[in-house]
Number of protein chains: 2
Amino acid sequence: MDEFRETELKKRISESTIRRLSLYHRALEIVEDNGSETVSSKELAKIEKLTPAQVRKDLSFFGSFGTRGLGYPVKDLKAKIARILGIDRVWNIALVGVGNIGSALVSYKEFARQGFKIVKLFDNDQRKIGSNHKGIVVSDIKNIVSELSGSEIEMVVICVPGSVAQFVVDDIVKAGLRAILNFAPVNLKVPDDVFVRNENMAMELEYLSYALVNNHSKNRVK
Amino acid sequence: MDEFRETELKKRISESTIRRLSLYHRALEIVEDNGSETVSSKELAKIEKLTPAQVRKDLSFFGSFGTRGLGYPVKDLKAKIARILGIDRVWNIALVGVGNIGSALVSYKEFARQGFKIVKLFDNDQRKIGSNHKGIVVSDIKNIVSELSGSEIEMVVICVPGSVAQFVVDDIVKAGLRAILNFAPVNLKVPDDVFVRNENMAMELEYLSYALVNNHSKNRVK
DNA sequence: TCATCTATGTGAAAGCCTTCACAAAATAGG
DNA sequence: CCTATTTTGTGAAGGCTTTCACATAGATGA
Ligand SMILES: NC(=O)c1ccc[n+]([C@@H]2O[C@H](COP(=O)([O-])OP(=O)(O)OC[C@H]3O[C@@H](n4cnc5c(N)ncnc54)[C@H](O)[C@@H]3O)[C@@H](O)[C@H]2O)c1
Ligand SMILES: NC(=O)c1ccc[n+]([C@@H]2O[C@H](COP(=O)([O-])OP(=O)(O)OC[C@H]3O[C@@H](n4cnc5c(N)ncnc54)[C@H](O)[C@@H]3O)[C@@H](O)[C@H]2O)c1
């Protein structure tokens, strides 16, 4: 069944809604661990600090999953969100740049538990190529196009310096891959059918800096 | 002069505008390295894949920095954005949880260059307490409230497991700090005057998963 | 000095997202 | 079976953000 898949006919779902689906999924794991069979939009909202109306509206884009007067069935809703997000399967991932941040990500077991399996590593440092990280032998970046083309790998995590990130991405695109998680602080140029998500920690620190300096407050006393 | 500081009188600046200021700042570094004296909203927009109108509108919230017919003075605008963001100074930061991701952040020299200096580390692992990371001796988490209270540290990066993140945050709030960058995949509860930014890598991977499965495309051929 | 060109700054319009508010559906309790 | 209660699902309203479009101001060059 493809009842939740977007098609040209259906309304475009906003990026914020998709990001919140991740939060709902995470919240449902908490609720499930608590042993609850059902959960209300109010409870879900509380866990992720959102509004109940927002939760209901987001879910309503994909169908009617709840029961009036009762709430949503926890196990069922979790499975349905997993299906919408496409995380009801395993994604094989390659990681390029086995340095500080790259190594930390490879060592992070939680990703694999969530279905995101890092199965291939690339680097250009001769001392790293051939070495073993958590059971994966680091490949030479030179071979990235051929090794990714037609492989089972569909996502790539970029952990190389900003100065070379675009070159790496060009190769990834050449290999036909369409999903990139980028840690380098540069805006990557890719064709329109390739998806890039950026992790920009400096930006988050700068936001905190702005908030402190401007004495923002969600409930400022006038 | 405080001409760029938000007050109750001025219009609230949106979060997206502030995040884009970070991008403009980064773009201006590129333009500066190229040796340009001035830059147009069109060029800045191109570097970060935004629209020229967006760039002009964002900047206009804080003043008139450009010259019609010419563009914006690069050095000047960069300094002005730095001042708005509060990154025209050094921020001292504490990091809690010197594990995979925590160690990677401590080793990342670029943060210090940008004025974000990690100057204190905390952990609860006896094998880590007292050990030296990049010149910083790891402190016992037990002493976090007293060591942060009244110190020169104003931001904290949380790199502990999700199960203990809230306890750590409670102590940080107790110590009077108001800015937290959180890597743990939990929604932290804090008072209204404390700022939390979350880095949620799983959420980004899930977004990529959704995009691939739903065959999204910015320019889909109908 | 004047005409032409370029690019800003900004109201207004358009578009998008969130919140409101309530009918409808189902439960729960007697 | 009936009433009171709960909570969903959703149009409509409201609010926020982006884009449009153009008057304006300054640059450039003859
Ligand atoms: N470490 C952090 O905390 C942190 C924080 C924010 C952003 N980043 C960004 O993440 C990226 C990596 O940071 P890091 O601290 O891990 O750096 P690093 O120097 O430790 O690691 C970079 C790795 O990339 C490899 N590499 C270099 N050129 C390559 C190429 N052409 N092909 C393949 N591999 C190549 C290097 O050999 C090295 O192993 C950088 O863009 C950095 O700006 C890092
Ligand atoms: N490593 C990654 O790539 C990655 C990716 C996404 C999210 N995260 C999140 O970042 C956090 C850290 O991940 P990690 O892989 O570095 O884990 P880790 O286990 O390597 O490190 C956690 C560190 O926190 C310390 N710690 C535990 N309890 C503590 C306490 N009460 N007080 C102080 N220190 C304490 C541990 O001793 C350890 O040094 C986790 O919440 C994880 O979910 C990590």
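So you know, we letter chains A, B, ... as the sequences are listed, proteins then strands, and number each from 1.
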CZ of B/Phe61 versus P of C/dG11: gap in Å, rounded? 11 Å

How many Å lie between CZ on B/Arg19 and C1' on D/dT17, as a whole number? 15 Å

So, using side-chain hydrogen bond (donor to acceptor under 3.5 Å, both in side chains) as the criterion, who are the partners of B/Gln166 when residues are at least two apart? B/Asp170

Nearest to the side chain of A/Ser64, heavy atoms from C-beta on, is which of D/dT28, D/dT18, D/dG9? D/dG9

With a 3.5 Å cut-off and no angle check, do the side chains of A/Ser40 and A/Glu43 form a donor-acceptor pair? yes

Just how far, in rounded Å, is P of C/dC5 from NZ of B/Lys42? 16 Å

Could you check which of C/dA26, D/dT17, D/dT24 has an atom nearest any side-chain atom of B/Arg68? D/dT24

Assuming nearest nucleotide by heavy-atom distance, tell me which of B/Ala53 and A/Arg20 is located more 5' along DNA chain C. B/Ala53

Examine C/dA7: is either OP1 or OP2 under 4.0 Å from a nitrogen or oxygen in the side chain of B/Ser40? Give yes or no. no

Closest listed nucleotide, where the reference is the side chain of A/Tyr72 and the choices are D/dA23, D/dT7, D/dG9: D/dG9

So which of A/Lys42, A/Arg19, A/Arg26 actually passes salt bridge (Lys or Arg N to Asp or Glu O under 4.0 Å) with A/Glu48? A/Arg26

Contacts of type ring-ring contact (aromatic ring centres under 6.0 Å, His included), residue A/Phe183, not counting sequence neighbours: none

What's B/Ser41 touching, base or sugar-phosphate or nothing? Going by heavy atoms closer than 4.0 Å. sugar-phosphate

Rounded to whole Å, the CZ-P distance (B/Phe62 to C/dT10) equals 13 Å

Given D/dG9, C/dT18, D/dT18, the nucleotide with the shortest approach to the side chain of B/Gln54: D/dT18

Report the distance from atom NZ of B/Lys49 to atom C1' of D/dT18, rounded to the nearest whole Å. 18 Å

In whole angstrom, what separates A/Asp58's CG from C/dT19's C1'? 12 Å

Heavy atoms under 4.0 Å, any strand shown: does B/Lys57 hit a base, just sugar-phosphate, or nothing? base

Phosphate oxygens OP1/OP2 of D/dT8: is one of them under 4.0 Å from a side-chain N or O of A/Arg56? yes

Go through the side-chain N and O atoms of B/Asn100 and A/Tyr108 and say whether any donor and acceptor fall under 3.5 Å apart. no

Rounded distance in Å - CD1 (A/Ile18) to P (C/dC16): 16 Å

Measure CG/A/Leu50 against P/C/dT18 and give the value in whole Å, please. 10 Å

